[in-house]
Amino acid sequence: MRWSKALIPTHKEDPSDAETTSHKLMIRAGLMRKLTSGVYSYLPLGWRTIRKVETIVREEMDHTGAQEIHMPVLSPAELWKETGRWDVYGAELWRVRDRNGRDFALGPTHEEVVTDIVRNEIRSYRELPFNLYQIQTKFRDEIRPRFGVVRAREFMMKDAYSFHRDEDSLDETYRIMCDAYSRIFDRCSLTYRPVEAATGAIGGSHSHEFMVLSDTGESEVIVCDCGYAATDERAEGKVAPMTSGEEPGEMKPVDTPGMKTIEEVSEFLGVEPWRLVKTIVYEVDGRPVAVLVRGDREINESKLAAALGSEVVEPASPEVIERTTGAPVGFAGPVGLDGIEIIADHSVEPMANIVVGGNRADVHMTNVCPGRDFEPNAYRDVVLVRRGDACPRCGGPLDSFRGIEVSQAFKLGTKYSESMNATFLDEDGTAKPLIMGCYGLGVTRTVAAIIEQHNDENGIAWPKAVAPYSVEILAVNVKSEDVRNLADWLYRELCDRRIDALYDDRNESPGVKFKDADLVGMPLRITVGDRGIKKGIVEARVRATGEESEVPIEGAPDRIAKIVETLP
RNA sequence: CGGGGCGUGGCGCAGCCCGGUUAGCGCGCCUGCUUUGGGAGCAGGAAGUCGGAGGUUCAAAUCCUCUCGCCCCGACCA
């Protein structure tokens with residue numbers, strides 16, 4: 001491609017609305033433009049990279065025997081009502097209505113649609129297992145789009161769905177998919193890590209996410225030297241018990257006017273946060289549940305939901321809190337809290353003389369002792385694990401890092417096949433629900449992740465496999481006939497060798513062209529200038545390393561083709 | 001949804017508090033000449049209903065009301 005004819009609108013300055021490196025660079029290097037919040041147009045350079053990532057994904061998916069299909073973005077509400085997700089998925093499900101008032105969803109994921117296809121076409125165990133995938137635009141009405149294409153409302157995803165007669169078969173495909181993902185991310189030159197994950201709105205029994213290590217990532221990952229790795233939602237771990245070692249004192253109320261938060265109460269009473277216990281009222285399947293956790297810790301709602309055997313737990317509304325505790329928000333406590341289930345985190349059990357809400361406005365209770373002054377219905381692990389806690393496997397100290405979640409695999413089991421009555425006839429002649437797995441991979445998000453890991457102060461430094469072009473030919477001065485002729489010739493020769501080359505033939509000053517070359521970041525830059533021509537050479541420079549070499553003009557196309565081959 | 005911030009030529013911003021000629025600056029863009037190895041120089045030029053609507057006023061980018069959009073933080077952690 002000749003730059004003079006290309007749409008590559010670069011910017012010198014960072015866009016005002018971008019925060020992260022990848023977002024800024026994707027705008028500055030002319031990969032994409034925002035249309036509206038969380039929605040982007042991909043310009044030629046951006047689209048070329050997306051297609052290269054897609055190609056890698058396709059190759060690796062096809063290699064596993066998965067079959068590519070293409071499902072609609074638009075799906076009728078009835079399908080979502082069959083599985084209950086019309087209600088459960090929440091505001092994130094992008095709903096639209098047709099002229100006749102019928103409800104539809106713009107697909108955020110396609111379990112319902114694919115299961116509908118399969119239940120209509122599959123009869124026998126003999127047809128199993130198989131794996132269907134698509135690469136498609138997804139819609140999620142995100143509460144807050146962020147970081148450019150990392151959290152967008154419209155984005156591209158590869159989603160695969162596998163169907164099985166038994167768990168063993170599912171396990172096998174799940175493993176194969178995880179392996180395929182490793183190959184995909186290896187080929188994208190990403191530093192990543194598969195971690196155990198919670199199942200969330202998709203559901204299912206077992207899940208892994210692939211995390212690309214990045215400080216700008218939205219996910220917190222808990223890791224241990226022993227190999228344990230899980231998202232913070234999922235992570236287990238032992239919280240070091242904290243006890244004052246004091247003799248149990250006499251429980252008594254204290255006035256805490258307007259002190260609603262742990263911080264406020266802690267400061268007001270001069271007591272460290274860990275000696276408080278917070279009581280959070282949740283609504284679980286329509287009933288209120290009080291959850292206790294040590295004051296210096298947070299509740300993990302995902303683990304809470306699992307502990308209660310419920311799919312969705314949400315913090316109760318102020319009205320429900322007042323009704324169940326008799327106090328306004330901020331003063332709930334377990335003492336004398338009747339008629340409501342109380343779940344306490346293990347961290348609460350060994351404590352004594354703790355401070356809790358008094359179930360009365362502006363009152364807290366002190367010297368409260370679990371077991372003496374109240375008895376929870378159960379002690380469970382519902383705490384959000386963090387760095388420094390003990391590893392659930394080896395007991396060693398847990399560490400944490402930030403990551404961008406580029407893919408997630410789930411063992412769905414029969415969650416969708418049962419609710420949608422998708423069955424097959426097994427060998428014994430009985431109808432059984434299909435066992436399913438699903439495997440998502442964020443394509444556009446992966447592009448952002450690649451840029452997060454491959455850039456420097458001058459711009460993007462693409463890995464070759466996903467670079468929009470492998471080589472940029474930079475003609476220093478196109479007014480020089482020698483330079484123009486040589487660069488033209490080189491460009492043609494490389495094109496003839498089917499090397500994708502970007503040829504900066506613009507009549508711009510050298511400075512502009514060098515800066516732009518660094519910004520858009522093709523892996524190899526070939527500089528053609530009078531200076532080199534005098535010496536009978538062109539210059540090759542590797543973008544990622546800055547490594548430079550001189551290539552004799554004689555035989556340069558072949559030599560350059562060779563260099564391109566060796567690039568990472 | 002709550003809080004905060006921002007909307008001024010294509011991009012990045014100033015001006016607004018304290019209303020008053022033709023609304024500025026940098027970059028970019030167009031024309032010409034010069035220049036050509038790390039964001040060139042000179043000269044000339046085009047381009048903005050100051051997000052939108054309403055109001056106050058002799059007069060509004062500037063003050064008031066409403067509204068739309070974008071960004072950030074938070075979203076029931078008691």
Side-chain angles (χ1 to χ4, degrees), chain A residues 9-20 23-24 27-28 30 33-39 90-91 143-148 151 256 258-266 273 276-283 290-301 304 313-322 324-325 327-334 345 355-359 361-364 382-384 458-459 474-480 482-484 504 506-519 525 527-535 538-539 541 546 548:
Chain A
T10 58
H11 282 315
K12 260 185 223 186
E13 291 173 278
D14 284 337
S16 63
D17 57 4
E19 289 266 299
T20 56
H23 187 187
K24 287 176 186 167
I27 301 297
R28 283 190 58 207
R33 289 292 182 262
K34 182 171 71 187
L35 179 59
T36 183
S37 180
V39 179
I143 195 162
R144 184 140 90 88
R146 223 198 293 230
F147 303 153
R151 181 162 297 276
T256 48
M259 304 294 155
K260 295 169 168 225
T261 65
I262 289 291
E263 216 170 50
E264 287 164 358
V265 175
S266 162
L276 278 58
V277 163
K278 49 179 127 173
T279 306
I280 318 269
V281 180
Y282 281 90
E283 260 184 279
V291 182
L292 309 186
V293 66
R294 211 168 69 197
D296 61 331
R297 306 297 301 229
E298 307 298 328
I299 289 172
N300 181 333
E301 292 180 7
L304 176 64
V313 299
E314 43 184 6
S317 64
E319 297 77 57
V320 170
I321 292 170
E322 265 195 77
T324 52
T325 67
V329 172
F331 301 95
D345 183 70
V355 178
V356 299
N359 294 330
D362 301 333
V363 173
H364 278 74
V382 295
V383 74
L384 190 67
N458 295 314
L474 190 157
V476 173
N477 174 11
V478 292
K479 288 274 176 70
S480 159
D482 289 346
V483 168
R484 204 177 55 240
D504 192 350
R506 294 175 300 170
N507 182 22
E508 289 285 352
S509 71
V512 168
K513 299 172 87 163
F514 284 122
K515 288 290 184 188
D516 270 348
D518 286 346
L519 215 210
R525 185 183 84 199
T527 306
V528 180
D530 284 313
R531 199 192 276 176
I533 290 174
K534 275 198 198 99
K535 291 162 69 181
V538 295
E539 295 149 55
R541 182 188 168 94
E548 300 197 34

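The shown structure was predicted, so the numbers you read here are calculated from the model rather than taken from an experiment. Labels below follow one simple rule: chain letters A, B, ... track the order of the sequence lines, proteins then strands, and each chain is numbered from 1.
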**Report entry** Counterpart base for B:A46, defined by Watson-Crick or G-U wobble contacts under 3.5 Å
**Finding:** none
Query raised in the report: How would you label the contact of A:Gly357 with the nucleic acid (heavy atoms, under 4.0 Å): base, sugar-phosphate, or nothing?
Result: nothing
**Report entry** Side-chain donor-acceptor contact under 3.5 Å, A:Thr325 with A:Asn359
**Finding:** no
Query - Test item: A:Val476 and A:Leu474 side chains (from C-beta on) under 4.5 Å apart, heavy atoms - result: yes
**Report entry** Complementary nucleotide of B:G19, counting Watson-Crick and G-U pairs under 3.5 Å
**Finding:** none
Query raised in the report: Using a cut-off of 4.0 Å between protein heavy atoms and nucleotide atoms, how would you tag nucleotides 2-10 of chain B 5' to 3' with B, S and -?
Result: ---------
Requested in this report: Using the P atoms only, state how far B:C16 lies from B:A59, rounded to an integer number of Å.
Outcome: 22 Å
Report task. Can you check each nucleotide of nucleotides 25-34 of chain B against protein heavy atoms at under 4.0 Å and return B for base, S for sugar-phosphate only, - for none, in 5' to 3' order? Result -> -BSS------
Requested in this report: Examine the base of B:G38 for any acceptor or donor lying under 3.5 Å from a partner atom in the side chain of A:Asp518, and report the outcome as yes or no.
Outcome: yes
Query raised in the report: Closer to the 5' end of RNA chain B via nearest nucleotide, is it A:Pro15 or A:Phe331?
Result: A:Pro15
Report task. May I ask you to say what A:Arg28 touches in the nucleic acid, namely base, sugar-phosphate or nothing, with a heavy-atom cut-off under 4.0 Å? Result -> base
Query raised in the report: Rounded to the nearest Å, what distance is computed from the NZ atom of residue A:Lys515 to the P atom of nucleotide B:G39?
Result: 7 Å
Report summary line: Between NZ of A:Lys24 and P of B:C11 the distance, given in whole Å, is 18 Å
Query - For B:C27, the Watson-Crick or wobble partner whose two distances fall under 3.5 Å - result: B:G10
Query raised in the report: What is the nucleic acid contact for A:Arg525, judged by heavy atoms within less than 4.0 Å: base, sugar-phosphate only, or nothing?
Result: base
Query raised in the report: When the C1' atoms of B:A47 and B:U57 are considered, how many whole Å apart are they?
Result: 31 Å
Requested in this report: Describe the nucleic acid contact of A:Val293 in one word from base, sugar-phosphate, nothing, applying a heavy-atom distance below 4.0 Å.
Outcome: nothing
Query raised in the report: CG of A:Asp516 versus C1' of B:G37: gap in Å, rounded?
Result: 15 Å
Might you list the N or O atoms of the protein lying below 3.5 Å from N or O atoms in nucleotides 70-77 of chain B, with each pair's distance?
unit_1	atom_1	unit_2	atom_2	d
B:C70	OP1	A:Thr36	OG1	2.5
B:C70	OP1	A:Ser37	N	3.0
B:C70	O3'	A:Lys34	NZ	3.0
B:C71	OP2	A:Ser37	OG	2.8
B:C72	OP2	A:Arg144	NH1	3.4
B:C73	OP2	A:Arg144	NH1	2.7
B:C73	OP2	A:Arg144	NH2	2.1
B:C73	OP2	A:Arg146	NH1	3.4
B:C73	O5'	A:Arg144	NH2	3.4
B:C77	O2'	A:Glu298	OE1	3.4
B:C77	O2	A:Glu298	OE1	2.2

Query - A:Asp362 versus A:Thr256, side-chain donor and acceptor atoms under 3.5 Å - result: no
Query - Salt-bridge contact A:Lys278-A:Glu298 (side-chain N to carboxylate O under 4.0 Å) - result: yes
Query raised in the report: Between A:Glu508 and A:Lys513, does at least one N-O distance fall below 4.0 Å, as a salt bridge requires?
Result: no
Report summary line: Whichever of A:Glu539 and A:Ala332 has the more 5' nearest nucleotide on RNA chain B, that residue is A:Glu539
**Report entry** Nucleotide opposite B:C63 in a Watson-Crick or G-U pair, distances under 3.5 Å
**Finding:** B:G55
Requested in this report: For B:C76 and B:U62, measure between their C1' atoms and round to the nearest Å.
Outcome: 40 Å
